[in-house]
Amino acid sequence: MKKISQAVIKRLPRYYRYLGDLLENDVVRTSSKELSERMGVTASQIRQDLNNFGEFGQQGYGYNVEYLYTSIGKILGLEKEYNIIIIGVGNLGQAIANYIEFERKGFKVKGLFDVNPRLIGMIVRDIEIKDVSEIESFVKENGVDIAVLTLPKQKAPEIALNLEKWGVKGIWNFAPIDLQSSQGKICIENVHLSESLMTLSYAINEKNDEKSN
Ligand code: NAI
């Protein structure tokens with residue numbers, strides 16, 4: 001298969017979200033021009049991005065919204081279901097467990113794990129929080145696809161190493177450290193909301209500087 005650039009892949013979820021909004025509003029067809037106006041990406045960029053995956057549009061017609069939405073969903077692997085576990089069930093872990101939209105997209109939370117005895121045994125969204133010592137057997141018995149790491153950064157690398165060894169396919173890492181696969185078998189997405197916040201603070205300060213000049 002042709003190697004697709006990370007920049008293109010990073011734009012696909014946005015296309016998917018915009019097309020989902022159009023679908024909700026019963027829009028049947030759209031064009032790269034219309035999408036570009038909504039999304040702030042040039043029309044030629046959109047055409048180029050989508051051409052990586054085949055012919056979706058038709059000259060003079062544009063794109064069929066439902067077909068494009070479903071196709072991008074397939075490219076992103078969203079037609080499948082993924083079993084998820086969350087490791088570290090504090091503020092963020094519980095917020096993710098309670099966010100039902102992930103489940104609607106096929107990401108099913110199956111297990112919750114923590115080290116804190118006060119949390120172990122507690123129920124969050126019908127799931128009992130278990131001790132971290134049970135992760136290995138749980139992963140082996142339940143076919144876990146993705147582990148969400150919402151625990152302090154000190155333990156994250158060791159846990160990631162084990163998850164890879166036990167056959168978990170992906171890590172959605174929120175611990176403030178960039179994790180990497182040690183054997184190249186596991187996919188890792190490091191998410192750092194604070195970076196986005198810092199980008200915002202830069203933008204605010206840049207605007208203030210412009211005003212004062
Ligand atoms: P929290 O303190 O509420 O929750 C952390 C949980 O991890 C606690 O329940 C704790 O008992 C558990 N824990 C500690 N060691 C563990 C281990 N070895 N195995 C399993 N569980 C363990 O903290 P909060 O606010 O939920 O944040 C969680 C993590 O996410 C922190 O590392 C924080 O820095 C990070 N974070 C990252 C963000 C991002 O954008 N990447 C945004 C917010 C928080």
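As the structure lists them, so they are numbered: ligands from 1, and atoms in each ligand from 1. Just so it is clear, the structure is predicted and the values come from calculations on it, not from any experiment.
Shown in contact with Leu119 at under 4.0 Å from a heavy atom are these atoms of ligand 1, numbered in order with element: 9 (O). Heavy-atom contacts of Asn116 reach the following atoms of ligand 1: 11 (O) (cutoff under 4.0 Å). Atoms of ligand 1 lying under 4.0 Å from any heavy atom of Leu193, numbered from 1 in the order shown and given with element: 39 (C), 40 (O), 41 (N). Ligand 1 places these atoms under 4.0 Å from at least one heavy atom of Lys155: 18 (N).
Looking from atom 27 (O) of ligand 1 to the surrounding protein, the closest heavy atom is Leu92 CB, 4.2 Å. Shortest contact from atom 5 (C) of ligand 1 to any protein heavy atom: Thr150 O, 3.7 Å. Considering only non-hydrogen protein atoms, atom 7 (O) of ligand 1 sits nearest to Gly88 CA, 3.5 Å. Looking only at protein heavy atoms, the nearest one to atom 38 (C) of ligand 1 is Phe174 O, 3.8 Å. Of the protein's non-hydrogen atoms, Val191 O, 2.5 Å is the one closest to atom 41 (N) of ligand 1. Remark: minimum distance from atom 14 (C) of ligand 1 to any protein heavy atom is reached at Pro152 CD, 3.3 Å. Remark: minimum distance from atom 4 (O) of ligand 1 to any protein heavy atom is reached at Gly90 CA, 3.2 Å. Scanning all protein heavy atoms for the shortest distance to atom 10 (C) of ligand 1 gives Asp114 OD1, 3.4 Å.
Within the 4.0 angstrom cut-off, atom 32 (O) of ligand 1 has one or more protein heavy-atom neighbours. Taking a distance limit of 4.0 Å, we find that atom 2 (O) of ligand 1 is approached by no protein heavy atom.
Counting heavy atoms under 4.0 Å from ligand 1, residue Asn91 touches it through both backbone and side chain.
Taking the charged nitrogens against the carboxylate oxygens, Lys155 and Glu158 do have a contact shorter than 4.0 Å, which makes a salt bridge. One finds a salt bridge joining Glu81 and Lys108 here, because a Lys/Arg side-chain nitrogen approaches an Asp/Glu carboxylate oxygen to under 4.0 Å. Between Lys140 and Glu134 no salt bridge is recorded (no basic side-chain N to carboxylate O distance below 4.0 Å). With respect to Arg125 and Glu103, a salt bridge is recorded, a charged nitrogen being found less than 4.0 Å from a carboxylate O.
Of the possible polar contacts, one joining the Arg14 side chain to the Met39 backbone as a donor-acceptor pair under 3.5 Å is found.
Glu141 and Ser137 are not linked by any side-chain donor-acceptor pair at a separation below 3.5 angstrom, with hydrogens and angles left out of the test. In this structure, a donor-acceptor pair under 3.5 Å is absent between the side chains of Asp145 and Asn83.
Checked against a 6.0 Å centroid threshold, the rings of Phe113 and Phe138 count as neighbours. For Tyr82 and Phe107, the ring centers are positioned less than 6.0 Å apart.
Heavy-atom contacts from other residues, nucleotides or ligands closer than 6.0 Å to OH of Tyr61 number more than 12.
On a distance-only criterion, Val132 and ligand 1 share no N/O pair closer than 3.5 Å. Checked by distance only, ligand 1 and Gly93 stay at 3.5 Å or farther apart across all their nitrogen or oxygen atoms. For the pair Pro176 and ligand 1, the shortest N or O to N or O distance does not fall below 3.5 Å.
For the residue pair Pro157 and Ile177, the shortest heavy atom distance occurs at CG-CD1, 3.8 Å.
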